[in-house]
There are 2 protein chains.
Amino acid sequence: MNRVLDSAERLLAASGLARASRALTSSLPEQIATRLSERIVAGAYAPGQRIMEQALATEFAVSRGPIREALRLLERDGLVAILARRGAIVTNPSIAEVKEIFDIRAMLNGLRDRLIAEDPQRAKVLAALEPEVARLTRLAREGKQGQEYVEIVWTLNRVLTEACANARLKHILDSLARQTLRYSQLGLSTPERRRQSVQHWQKLLEAIRKGDGATAERIARERVTDSRDAAIRALQEAPQPVSAAKKRGPA
Amino acid sequence: MNRVLDSAERLLAASGLARASRALTSSLPEQIATRLSERIVAGAYAPGQRIMEQALATEFAVSRGPIREALRLLERDGLVAILARRGAIVTNPSIAEVKEIFDIRAMLNGLRDRLIAEDPQRAKVLAALEPEVARLTRLAREGKQGQEYVEIVWTLNRVLTEACANARLKHILDSLARQTLRYSQLGLSTPERRRQSVQHWQKLLEAIRKGDGATAERIARERVTDSRDAAIRALQEAPQPVSAAKKRGPA
DNA sequence: GCATACAAGATTGTTGACAATCCTACAAAG
DNA sequence: CTTTGTAGGATTGTCAACAATCTTGTATGC
């Protein structure tokens, strides 16, 4: 339908977030939550739009009970806000809130990568990361544009988060990643930024290889902080980043 | 009824966590969740104990719907685990999981205190912190034992978290604090540890006063890491820290 | 012309009942 | 004596309807 929307959907698939956290568990509310989160991230529901329970219940051919639970799950992930007696509306994070989320991610990505660097069994993770970083390097050298770059970066992040020994950290990072998925494309827009991103990843791999947790943490943190600043700059220039349309009423 | 239980209840009240996050919103499921979380933290439900929906519905004189929602809220906070078709059981975090939570808190408390130190309007927070730290210093000098010490530390943490400009960070920290409330008393057991804790707080205040975000972050992180190690040591010595009884069946 | 009050419709919160699944106890076979 | 299969009760998951609240459109007053 729409180019931006398509790329967002591909990004979601590449990120593996939907599958990673819920789809296989086969609980009805979780399945519904997964499908709804895909729509929100893809921009099918505009920020600020109200989501009615009965409409979804009819669409998914279930009762309102599972729908309600699914909406609470989305609230937990920050994709909708639920107001008492007024239902769920798609969140529209302000620039300040996006910055907040990135600040938290900077700290926790730092912890994640430090833990991995200090893990005696990190060789396996490295084996998964190395070919991806090699692809990234090649793409950057060839000056290639496009979606592929973003997808590789998401894969790298997913591999690192999956490998994380701290289950609760993994959970929080997944949740935060879903919340910033809508803005993740903004961080790699210019060729210079991509070149710097590649350098960051190479240095991170080096630090993990050496088992240097402190360096791994510092690099991860810098990387997210850079993404944060880039995303904020992009948001300030274009206040409506993903969804062009501003539909508020029912579809 | 039981001394340990009493002190846990006082601690919960002093921490202000229940009130801070839910009680005033007056939604029925949230009220129920608050009361249940008090019971879990106080040890009225033993770890591993199964919680049945119908029993709670009868007790609170509501239908099972709000009870279900309340249990999902507790799951979000990590106080119960919900298994498909098997309901909610009170979580019994392993030592490894407690360490995980403390590791996350170390990072995020660091972010919190750095943000506060870099906040131009930090004077107001300082004004609230200073008398408490003074009380702490006095207690330590007098070599006083007892609950008061723990309560002051909780107040300090609550003031800092409340003052945090990052709303999402505040939310995550509240949630993590609830999860470790059961173990927070373990960190300050010996007089030496308390003296060191006082020093940490004094240095933290100093850093905030100067606007030295990096130092504030480092100190906060050290403090949580120390608490973590102390809590783990205590847990290894006494595997059943809060609730003495090991009731698994219905009460 | 604009703001306010009211009424009808729509939407969420809650309830009680039904269906599907799980756990326990007991019996039968190896 | 241990293990496997089965039946009953118990518990969670889902549904449809009712009550309480909110939103929207309209009319009225200034």
Side-chain angles (χ1 to χ4, degrees), chain A residues 21-36 39-40 45-76 79-92 246-251, chain B residues 21-36 39-40 45-76 79-92 246-251:
Chain A
S21 56
R22 330 205 147 101
L24 288 183
T25 56
S26 81
S27 144
L28 189 49
E30 290 182 356
Q31 285 175 14
I32 294 169
T34 302
R35 298 199 49 187
L36 291 179
R39 291 186 190 177
I40 292 174
Y45 294 124
Q49 182 177 344
R50 192 170 168 191
I51 298 182
M52 313 281 210
E53 294 175 358
Q54 187 54 57
L56 290 178
T58 305
E59 181 187 340
F60 288 107
V62 296
S63 169
R64 272 175 53 219
I67 300 289
R68 282 176 71 82
E69 250 190 62
L71 290 174
R72 308 300 146 129
L73 290 173
L74 295 182
E75 186 200 22
R76 193 185 60 177
L79 292 175
V80 306
I82 293 180
L83 292 76
R85 292 264 173 212
R86 256 182 285 177
I89 62 171
V90 179
T91 52
N92 188 12
K246 199 171 186 175
K247 39 188 167 178
R248 281 188 179 262
Chain B
S21 58
R22 328 204 148 103
L24 288 183
T25 56
S26 81
S27 146
L28 189 49
E30 290 181 357
Q31 284 175 14
I32 294 170
T34 301
R35 296 199 51 186
L36 290 179
R39 291 187 190 178
I40 292 173
Y45 294 124
Q49 182 176 343
R50 191 171 170 190
I51 297 182
M52 313 279 210
E53 295 176 359
Q54 187 53 58
L56 290 178
T58 306
E59 180 187 342
F60 287 107
V62 295
S63 169
R64 271 176 54 221
I67 300 288
R68 281 175 72 83
E69 250 190 62
L71 290 174
R72 306 302 146 129
L73 290 174
L74 295 183
E75 186 200 22
R76 192 185 63 178
L79 292 176
V80 306
I82 293 180
L83 292 76
R85 291 266 172 208
R86 256 182 284 175
I89 62 170
V90 179
T91 52
N92 188 13
K246 200 170 187 176
K247 40 190 168 179
R248 283 189 175 260

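Model, not experiment: these values are computed from the prediction. In what follows, chains are A, B, ... by sequence order, proteins preceding strands, each numbered from 1.
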query = Is there a side-chain contact between B/L79 and B/Y45 (heavy atoms, below 4.5 Å)?
reply = no
query = For the pair made of CZ in A/R72 and C1' in C/dT12, what is the distance, rounded to whole Å?
reply = 9 Å
Protein-nucleotides 19-24 of chain C N/O pairs closer than 3.5 Å?
from: C/dC23; atom 1: OP1; to: B/R86; atom 2: NE; distance (Å): 3.2

Nearest-Å distance for atom pair CG/C1', residues B/L83 and D/dG13 = 15 Å
key: Residue B/M52, side-chain heavy atoms: nucleotide from D/dT12, C/dT12, C/dT15 that is nearest   = D/dT12
inquiry  = How many whole angstroms separate atom CD of A/Q54 from atom P of D/dA16?
reply    = 10 Å
request  = Determine the minimum heavy-atom distance between A/A70 and A/I32, stating which atoms define it.
outcome  = CB-CG2, 3.7 Å
query = Does a nitrogen or oxygen in the side chain of A/R68 sit under 4.0 Å from OP1 or OP2 of C/dG13?
reply = yes
message = Please find the pair of heavy atoms, one from B/G48 and one from B/I89, that lie closest to each other, and give the distance.
response = O-CB, 4.2 Å
inquiry  = For A/Q54 and A/T58, which I'm curious about, is there any donor-acceptor pair between the side chains at under 3.5 Å?
reply    = yes
note = Sequence neighbours excluded, the answer for salt bridge (Lys or Arg N to Asp or Glu O under 4.0 Å) partners of B/R72 is A/E69
Proximal nucleotide (of D/dC15, C/dG13, D/dG13) relative to the A/R64 side chain = C/dG13
Whole angstrom value for the distance that separates C1' of D/dC15 from CD of A/E69 = 14 Å
query = CD of B/E53 versus C1' of C/dT14: gap in Å, rounded?
reply = 15 Å
remark   = Result for side chain to side chain contact (heavy atoms under 4.5 Å, CB included) between A/V90 and one of A/L36, A/L74, A/I51 points to A/I51
inquiry  = Need one value for A/I51: base, sugar-phosphate or nothing, where a base atom within 4.0 Å counts as base even if backbone is also close, heavy atoms only.
reply    = sugar-phosphate
task = Would you indicate what A/G87 reaches in the nucleic acid, counting non-hydrogen atoms under 4.0 angstrom: base, sugar-phosphate, or nothing?
result = sugar-phosphate
ask   = How many Å lie between CD1 on A/I82 and P on D/dC22, as a whole number?
value = 16 Å
inquiry  = Quick one, B/E59 with B/L56, criterion side-chain contact (heavy atoms from CB on, under 4.5 Å). Give me CA distance, side-chain angles, the key distance, then yes/no.
reply    = CA-CA 5 Å; B/E59 180 187 342; B/L56 290 178; 3.9 Å; yes
